[in-house]
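This report concerns only the one structure given below.
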Amino acid sequence: MLDLTYELPKPKVISGAKHDWELVIGLEVHAQVSSNAKLFSGASTQFGAEPNSNVAFVDSAMPGMLPVINEYCIEQAVRTGLGLKAQINLNSAFDRKNYFYPDLPQGYQISQLYHPIVGEGEVLVELGNGLARNVRIERIHMEQDAGKSIHDMDPNMSFVDLNRVGVCLMEIVSRPDIRGPEEAAAFVGKLRQIMRYLGTCDGNMQNGNMRADVNVSICRPGQYEKYQETQDFSHLGTRCEIKNMNSMRFIQQAIEVEARRQIAIVEAGGKVDQETRLYDVEKGETRSMRSKEEAHDYRYFPDPDLLPLEIEQEWVDQIAATLPELPDAKKLRFISDFGLSDYDASVLTADVESAAYFEAVAEGRSGKLAANWVINELFGRLKADDKDISNCPVPPAQLGGIIELISADTISGKIAKDLFEIVYTEGGDPAQIVEDRGMKQVTDTGAIEAALDQIIADNPAQVEKAKVNPKLAGWFVGQVMKATGGKANPKAVNQLVAQKLGE
Ligand code: ADP
Ligand code: MG
């Protein structure tokens, strides 16, 4: 198996009034587990349901109700951990994190502070142009989501929707290994991609199925390397946490804005307070939400309603055996098996459906041609139509058929585009369409020669010019193509034009 070598991206540097500063970023990503039922109840997790229609008694914290763990959610967390090359902890446990929210009926959130189900892992974050960084994962723990308070439906009242209460979330915590806004977005994108491959989170950020808390600090050049050597956080600046970001664009904006705020404070001789902040999209600024709370503020303690969670290595192995091929491996395979560029392989492995489509087109045909057609023609056409691969009107076998016709020189590249448009809009077997509509390439040099002779006879002045300036030969090629309705074999035309003008 071939391996790719990458260069490390440079950290983002922001120049303050006095010094240069580097960024240090760590992310806590909340990913909603794909599961039909909640973590501790059988209530449905369906998005967009009638408010308060998916609420079991235990979700609404009725007296005497007890949580029952959903094995499938555990399996999904394990699967995610395996996909992030992480340590799976056979023994984990649930804790209560106590706090009041109107949309948290229990008055606590069941989470895993002390013994998370997944330990250390790693994610390769690629930035294109041969740049990539391995970002370390510190842990993944499972927890319940809270409900939703609604303040904009009535001037005098607030409403609460408990449908989301108890839905299973995974909190994926990175080490502070991320060094710039683009890297942060790429990290979230890579997690999303991996989880979508695994089927453990649908990664729909608009629906709030993936949200990130972004921790940002600044340091002088050289400090981060000291942290790396010692893993001692005192070499780094004080971090602020920006809560609940659910857009890649805003994550990047917020990081930059927050870093500049910290730089201004420190350069003015002040100190950054460790706190939780919110990003105001309209104003383009972060603002304080609360000072940073510590674990003891929440009076964490082991949840007495739930036994410690013990899973067996055998079960973990079984899950591992069913993991699909993941993006990094698939990309490498596409590069080595189909001769694709790094860039094309990345585009084609962005999601499982595109990758499967490409493979079906490329199998037994020219990989490069297939990549070209899928990326440039098909994706372009789908985008113009506001469609994606899931509702693509051209089955892979048909696009494959077009590629075969090109490879066999039966049709020219230009005609292939017309053919593609017919197949896209009307459907049908490409070979049959070519046959029925007389789209075959003219390789018969006699016919091409006749057309060329006519053009030469009609344009003596052009011929004289072209004899002095061979670059003008292209004009004759174009004329022949026009005269033959684009069906002349370009190779044959080029040869004939060169030959005739050389005479
Ligand atoms: P908390 O519960 O206080 O948010 P966590 O351990 O869950 O703490 O998460 C801390 C997050 O902050 C991690 O993603 C970590 O990488 C990040 N982090 C820690 N120190 C720094 C720092 N100096 N600068 C930026 N991020 C940091
Ligand atoms: Mg946190």
Side-chain angles (χ1 to χ4, degrees), residues 11-12 14 21-31 84 86 95-99 109 111-123 125 133-143 169-181 183-185 187-188 190-191 210-245 251-252 254-263 265-266 271-279 286 288-300:
K12 164 99 180 174
I14 296 181
W21 298 90
E22 287 181 6
L23 272 57
V24 176
I25 300 154
L27 261 59
E28 299 160 74
V29 175
H30 301 262
L84 302 182
D95 305 299
R96 285 188 184 178
K97 180 182 186 184
N98 299 281
Y99 60 98
Q109 178 192 29
S111 181
Q112 296 190 308
L113 177 70
Y114 300 110
H115 304 287
I117 185 155
V118 178
E120 302 203 332
E122 194 176 77
V123 182
V125 178
R133 187 191 302 284
N134 272 310
V135 171
R136 293 169 299 160
I137 299 295
E138 185 183 317
R139 57 193 263 146
I140 304 177
H141 60 258
M142 304 178 73
E143 60 187 29
L169 303 178
M170 296 179 280
E171 179 168 329
I172 306 169
V173 182
S174 87
R175 297 275 180 198
D177 289 350
I178 299 163
R179 305 303 312 280
E183 280 185 41
F187 172 76
V188 174
K190 188 63 178 279
L191 283 185
M210 231 182 130
R211 310 182 287 252
D213 299 343
V214 183
N215 298 271
V216 181
S217 68
I218 51 160
C219 67
R220 297 292 307 281
Q223 289 300 111
Y224 189 80
E225 288 67 25
K226 289 187 191 156
Y227 156 72
Q228 264 183 323
E229 249 164 56
T230 57
Q231 293 299 305
D232 178 351
F233 284 96
S234 69
H235 293 294
L236 300 179
T238 303
R239 73 184 150 112
C240 284
E241 178 184 30
I242 312 162
K243 272 277 176 206
N244 251 327
M245 309 288 306
I251 287 175
Q252 299 185 58
I255 289 172
E256 174 127 15
V257 163
E258 174 59 18
R260 289 183 187 280
R261 186 189 72 88
Q262 294 180 10
I263 290 169
I265 293 174
V266 175
K271 247 180 69 214
V272 174
D273 289 327
Q274 191 175 336
E275 58 185 2
T276 300
R277 301 180 68 86
L278 284 179
Y279 180 57
T286 66
S288 182
M289 189 178 160
R290 53 177 187 250
S291 69
K292 181 68 196 171
E293 69 285 4
E294 303 290 339
H296 59 79
D297 296 325
Y298 289 109
R299 296 289 186 272
Y300 273 99

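Atoms within each ligand, like the ligands themselves, are counted from 1 in listed order. Just so it is clear, the structure is predicted and the values come from calculations on it, not from any experiment.
The residues Glu120 and Arg136 are annotated as not salt-bridged, no charged nitrogen and carboxylate oxygen being separated by less than 4.0 angstrom.
Remark: Glu258 pairs with Arg261, Arg277 by the salt bridge (charged side-chain N to carboxylate O under 4.0 Å, His left out) rule, at least two apart or across chains. Every residue two or more places apart in sequence or in another chain that forms a salt bridge (charged side-chain N to carboxylate O under 4.0 Å, His left out) with Arg211 is listed here: Asp145.
Atoms of ligand 1 lying under 4.0 Å from at least one heavy atom of Leu236, given by number and element, are 23 (N). Counting the atoms of ligand 1 from 1 in the order shown, those under 4.0 Å from a heavy atom of Val173 are 9 (O), 13 (C), 14 (O). Near Arg175, meaning under 4.0 Å from one of its heavy atoms, ligand 1 places the atoms 16 (O). Residue-ligand proximity, Phe233 to ligand 1, at heavy-atom distances under 4.0 Å covers atoms 19 (C), 20 (N). Ligand-side atoms of ligand 1 in range of Leu27: 14 (O), range being under 4.0 angstrom from any heavy atom. Listed by number with element, the atoms of ligand 1 under 4.0 Å from a non-hydrogen atom of Lys292 are 1 (P), 3 (O), 4 (O). Atoms of ligand 1 found under 4.0 Å from any heavy atom of Val24, numbered from 1 in the order shown, are 24 (N), 25 (C). Close contacts between ligand 1 and Glu241 involve ligand atoms 4 (O) [criterion: under 4.0 Å to a heavy atom].
Taking each of Arg136, Glu138, Arg239 in turn, the one with a heavy atom nearest to atom 8 (O) of ligand 1 proves to be Arg239. With Gly26, Gly237, Pro176, Ala295 as candidates, the residue nearest to atom 23 (N) of ligand 1 on a non-hydrogen basis is Gly237.
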Residues Asp95, His115; criterion side-chain hydrogen bond (donor to acceptor under 3.5 Å, both in side chains); working and verdict: CA-CA 9 Å; Asp95 305 299; His115 304 287; over 6 Å; no

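Separating the CD1 atom in Ile218 from the CD1 atom in Ile265 is a distance of 8.5 Å, to the nearest 0.5 Å.
For Arg139, the heavy-atom gap to ligand 1 stays at 4.0 angstrom or more.
Using a 30° and 60° split on the angle between ring planes, Tyr300 and Tyr114 fall in the perpendicular class, above 60°.
A 6.0 Å sphere centred on NE2 of His235 holds more than 12 heavy atoms belonging to other residues, nucleotides or ligands.
Side-chain atoms of His30 and Asn244 form no donor-acceptor pair, as typed in the model, at a separation below 3.5 Å.
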